[in-house]
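So the structure is just underneath, and the comments pick up after that.
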Amino acid sequence: MSLPAMESLIMVFHRYSDKDGKRNTLSKKELKQLMETELASFLKSQKDPATIDKIMKDLDQNGDGEVSFEEFVSLVVGLSIACEEIYQLQSKTPSKK
Ligand SMILES: [Ca+2]
Ligand SMILES: [Ca+2]
């Protein structure tokens with residue numbers, strides 16, 4: 001990942017994590033706002049309304065109910081891998097349209 005990409009990742013994280021008293025972590029509310037704003041297209045593809053809860057649970061590795069930047073990065077890595085797999089599938093599968 002390039003340095004500008006890392007910087008924008010940090011900026012996005014803090015744009016939402018700064019909203020309450022705990023400025024270095026995302027609460028579930030902040031995570032929800034981040035995902036709804038920055039990852040709207042991803043959320044639209046997820047029909048399951050429990051997605052945020054599930055993602056929160058998956059991300060919160062130390063179980064303190066907040067997502068730290070370290071924990072947030074694993075979401076980005078996970079999404080990148082998912083996107084790459086979709087890209088691979090799309091480039092391999094001939095278009096039927
Ligand atoms: Ca916060
Ligand atoms: Ca945590």
Side-chain angles (χ1 to χ4, degrees):
M1 203 181 280
S2 67
L3 204 57
M6 290 299 287
E7 274 179 11
S8 57
L9 202 58
I10 293 165
M11 279 172 67
V12 165
F13 180 84
H14 279 284
R15 194 179 302 154
Y16 296 89
S17 72
D18 284 358
K19 287 178 188 289
D20 66 6
K22 294 180 182 174
R23 303 188 65 179
N24 293 320
T25 53
L26 292 167
S27 63
K28 190 161 103 181
K29 197 176 152 193
E30 288 167 338
L31 179 70
K32 192 167 182 279
Q33 284 176 342
L34 186 155
M35 303 233 13
E36 281 175 354
T37 311
E38 308 294 334
L39 300 166
S41 56
F42 171 76
L43 280 188
K44 258 181 220 166
S45 68
Q46 304 287 309
K47 295 280 194 297
D48 185 358
T51 302
I52 292 280
D53 289 306
K54 193 181 173 298
I55 291 170
M56 185 79 196
K57 211 174 162 187
D58 286 348
L59 288 183
D60 188 15
Q61 286 165 5
N62 63 1
D64 65 354
E66 300 267 332
V67 176
S68 64
F69 184 71
E70 209 179 337
E71 290 167 343
F72 175 70
V73 167
S74 68
L75 167 70
V76 176
V77 171
L79 284 178
S80 304
I81 292 167
C83 289
E84 207 275 337
E85 280 169 0
I86 291 165
Y87 176 81
Q88 291 277 356
L89 278 175
Q90 283 175 345
S91 59
K92 273 179 198 164
T93 314
S95 176
K96 284 173 186 169
K97 278 172 195 170

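Worth saying up front: this structure is predicted, and the values here are computed from it rather than measured. Note that ligands are numbered from 1 as they come in the structure, with each ligand's atoms numbered from 1 the same way. Note: hydrogens, waters and symmetry copies are ignored here, and every other heavy atom, side chains too, is used.
- Taking 4.0 Å as the cut-off between side-chain N and carboxylate O, Asp53 and Lys57 do not count as a salt-bridged pair.
- With the Ca ion (ligand 1) as the vertex, atom OD1 of Asp20 and atom OE1 of Glu30 span an angle of 110° (nearest 10 degrees).
- At least one side-chain heavy atom of Gln33 sits under 4.5 Å from a side-chain heavy atom of Lys19.
- Judged purely by atom type and a 3.5 angstrom limit, Gln90 has no side-chain atom pairing as donor or acceptor with the backbone of Tyr87.
- At least one N, O or S atom of Ser17 sits under 3.0 Å from the Ca ion (ligand 1).
- Under the 3.5 Å distance criterion, the side-chain polar atoms of Thr25 are left unmatched by any main-chain donor or acceptor of Val67.
- Under 3.0 Å from the Ca ion (ligand 1) lies no N/O/S atom of Gly21, from backbone or side chain alike.
- Here Glu38 pairs with Arg15 in a salt bridge; the nearest charged N to carboxylate O distance falls below 4.0 Å.
- Using cut-offs of 30° and 60° on the angle between ring planes, the pair Phe13 and Phe69 is perpendicular.
- Within the 3.5 Å criterion, the main-chain N or O of Ser68 finds a donor-acceptor partner in the side chain of Glu71.
- Neighbouring protein atoms of the Ca ion (ligand 2) (N, O or S, distance under 3.0 Å, waters ignored): Asp60 OD1, Asn62 OD1, Asp64 OD1, Glu66 O, Glu71 OE1, Glu71 OE2.
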